[in-house]
Amino acid sequence: MVRAIGWGVAAVVSAVILTVAGCAAAGGASSMTSSTSPPPSAAGTRPPPTTTTITDPVPTTTAPPPAPPRPSAPKPAITQDRISYGAKRRAEMAGYAYRHYGVRSFRLHPKLIVLHFTDSGPGSYPGVHALFNANAPNGGELPGVCAHYVVDQDGTIYQQVPLDIMCRHAIGVNDHAIGIEMIQQQGISSHWADQQILHRRPQIRSVLALVRWLQGRFHIAARNVIGHSMANDSPFFHDREGWRNDHTDWQVQDVRELRRRL
């Protein structure tokens with residue numbers, strides 16, 4: 001807050017600054033009183049010295065108290081269905097992170113949420129889980145792909161991986177991104193598929209509840225809830241090997257619609 005000060009008060013404040021500077025040079029003083037002797041008058045006589053006592057101006061306004069923090073969204077119902085992610089796979093993830101991000105660690109530091117769909121239809125969750133669990137090479141590298149969550153079309157949220165471990169789900173941001181997959185076939189286009197999810201009430205309700213909870217838990221702004229197609233443009237994107245994403249799932253306009261509902 002900036003407060004305007006009249007010329008008179010400004011002069012007084014200047015005198016205070018000079019006095020405090022003098023006190024600091026002399027080792028400090030608790031009182032601030034100055035004596036001034038104006039020059040002789042036109043009649044050749046000098047008036048008696050005057051003494052001015054400096055006091056701090058009294059603020060005329062008081063800043064309002066800070067608003068209480070916004071309560072975090074409640075945690076939605078989550079079914080634990082973890083994939084195999086033992087010491088070998090963690091070491092592979094640390095090696096991948098070192099090659100691509102320069103960090104020799106499998107630990108995730110969430111700052112971003114990336115939305116995906118699986119290009120598979122109803123009843124395909126067991127196959128998606130098996131794919132993530134298989135740890136097959138992808139792009140010629142290990143570990144295999146995975147996502148932290150999969151949201152089925154009936155609204156069931158499955159957690160695959162703990163939130164402090166990286167998953168390979170979006171090039172260039174895996175060191176900071178939580179991945180959420182949604183069961184949905186691509187069909188005629190990615191935009192069409194996104195819209196199927198946005199209008200499938202059980203599924204989108206669970207997705208929104210999960211995203212809201214993750215945002216509150218990790219202080220993630222809505223602008224950092226992105227689609228896979230947007231990952232290359234994220235401020236968190238970096239890849240030492242020069243890799244880029246070529247996926248089109250979750251288009252910009254559809255992500256904006258999802259953000260409006262958060």
Side-chain angles (χ1 to χ4, degrees), residues 75-86 89 92-93 96 108 110 112-163 165-171 173-174 177-214 225-231 245-255 257-259 261-262:
K75 182 178 181 179
I78 297 174
T79 300
Q80 299 297 323
D81 192 15
R82 305 293 179 89
I83 63 173
S84 178
Y85 212 124
R89 187 165 184 166
E92 293 167 350
M93 189 71 248
Y96 177 95
L108 175 65
L112 196 66
I113 297 171
V114 180
L115 309 173
H116 307 261
F117 59 71
T118 60
D119 198 16
S120 58
S124 64
Y125 169 73
V128 173
H129 177 82
L131 172 65
F132 291 165
N133 192 61
N135 196 28
N138 183 272
E141 293 195 63
L142 287 169
V145 297
C146 63
H148 296 87
Y149 295 97
V150 178
V151 183
D152 210 341
Q153 293 189 359
D154 65 1
T156 304
I157 302 171
Y158 297 97
Q159 183 168 5
Q160 314 283 293
V161 179
L163 292 175
I165 295 179
M166 294 185 206
C167 270
R168 282 187 66 188
H169 59 93
I171 290 168
V173 295
N174 291 314
I178 297 170
I180 301 177
E181 287 278 2
M182 300 161 218
I183 302 295
Q184 172 61 44
Q185 291 174 304
Q186 181 167 355
I188 60 175
S189 70
S190 291
H191 172 61
W192 178 87
D194 296 342
Q195 288 294 314
Q196 304 311 300
I197 298 169
L198 285 166
H199 291 88
R200 185 177 293 118
R201 290 187 177 182
Q203 190 174 28
I204 193 59
R205 284 174 178 167
S206 292
V207 170
L208 291 170
L210 177 60
V211 171
R212 290 187 194 111
W213 175 65
L214 292 171
V225 178
I226 66 172
H228 195 173
S229 72
M230 303 162 64
N245 292 280
D246 60 1
H247 287 64
T248 60
D249 43 335
W250 279 98
Q251 295 286 293
V252 174
Q253 65 268 36
D254 303 318
V255 173
E257 183 176 343
L258 183 144
R259 287 173 181 170
R261 302 190 194 182
L262 291 174

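Computed from a predicted model, the values in this text were never measured in an experiment.
- The shortest distance between side-chain heavy atoms of Leu163 and Tyr149 falls below 4.5 Å.
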Take Ile171 and His228 through the side-chain contact (heavy atoms from CB on, under 4.5 Å) test and state the conclusion after the steps. CA-CA 9 Å; Ile171 290 168; His228 195 173; over 6 Å; no

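- No donor-acceptor contact under 3.5 angstrom links the side chains of Gln186 and Asp249, judged on distance only.
- Arg82 approaches Pro162 most closely through the heavy-atom pair NH1-CG, 3.1 Å.
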Give the C-alpha distance, both sets of side-chain angles, the deciding distance and a yes or no for side-chain contact (heavy atoms from CB on, under 4.5 Å) between Cys146 and Met93. CA-CA 11 Å; Cys146 63; Met93 189 71 248; over 6 Å; no

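- Looking at Asp154, its side chain does come within 3.5 Å of a backbone N or O of Thr156 through a donor-acceptor pair.
- Rounded to the nearest 0.5 Å, atoms CD (Gln203) and CG (Leu208) are 10.5 Å apart.
- The distance from the CE atom of Met230 to the OG1 atom of Thr248 is 13.5 Å, given to the nearest 0.5 Å.
- Gln195 and Glu257 are linked by a side-chain donor-acceptor pair at a separation below 3.5 angstrom, with hydrogens and angles left out of the test.
- When each of Ile204, Ile157, Ile197 is checked for a side chain to side chain contact (heavy atoms under 4.5 Å, CB included) with Val151, only Ile157 meets the rule.
- Rounding to the nearest 0.5 Å gives a distance of 7.5 Å between CG of Asn135 and CD1 of Ile83.
- To the nearest 0.5 Å, atom SG of residue Cys167 and atom CD1 of residue Ile178 are 10.5 Å apart.
- The aromatic rings of Tyr125 and Tyr158 lie parallel to each other, with less than 30° between the two planes, well short of the 60° mark.
- Pairing each heavy atom of Ala147 with each of Gly179, the nearest pair is CB-O, 3.8 Å.
- Nearest heavy atoms, Gln251 versus His191: CG-N, 4.1 Å.
- Between the side chain of Ser189 and the backbone N or O of Trp192 there is at least one donor-acceptor pair closer than 3.5 Å.
- Across all their heavy atoms, Trp213 and Pro76 have their closest contact at CB-CD, 3.8 Å.
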Between Gln160 and Val150, is a side-chain contact (heavy atoms from CB on, under 4.5 Å) present by the stated rule, with each step listed? CA-CA 7 Å; Gln160 314 283 293; Val150 178; 4.1 Å; yes

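- Counting only heavy atoms from C-beta outward, the side chains of Arg168 and Pro143 approach each other to under 4.5 Å.
- Atom-to-atom distance recorded for Asp194:CG and Leu115:CG is 8.5 Å, nearest 0.5 angstrom.
- A donor-acceptor pair under 3.5 Å is absent between the side-chain atoms of Asn138 and the main chain of Gly144, judged by distance alone.
- Counting only N and O atoms by type, the side chains of Gln80 and Gln159 include a donor and acceptor under 3.5 Å apart.
- Looking at Leu214 and Ile180, their side chains come closer than 4.5 Å, going by heavy atoms from C-beta outward.
- Of the inter-residue distances, the one linking Ile183 atom CD1 with Asp152 atom CG reads 5.0 Å to the nearest 0.5 angstrom.
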Using the side-chain contact (heavy atoms from CB on, under 4.5 Å) rule, take His148 and Phe132 through it: C-alpha gap first, then chi angles, then the decisive distance, then the call. CA-CA 10 Å; His148 296 87; Phe132 291 165; over 6 Å; no

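- With no hydrogens or angles considered, no side-chain donor-acceptor pair links Thr79 and Asp81 at under 3.5 Å.
- By the 30° and 60° cut-offs, the orientation of the rings of His116 relative to His169 is perpendicular.
- Side-chain N or O atoms of Arg261 include one that pairs as donor or acceptor with a backbone N or O of Leu198 at under 3.5 Å.
- For the residue pair Ser120 and Val128, the shortest heavy atom distance occurs at OG-CG2, 3.8 Å.
- Nearest approach of Val114 to Ala170, heavy atoms of both residues: CG1-CB, 4.2 Å.
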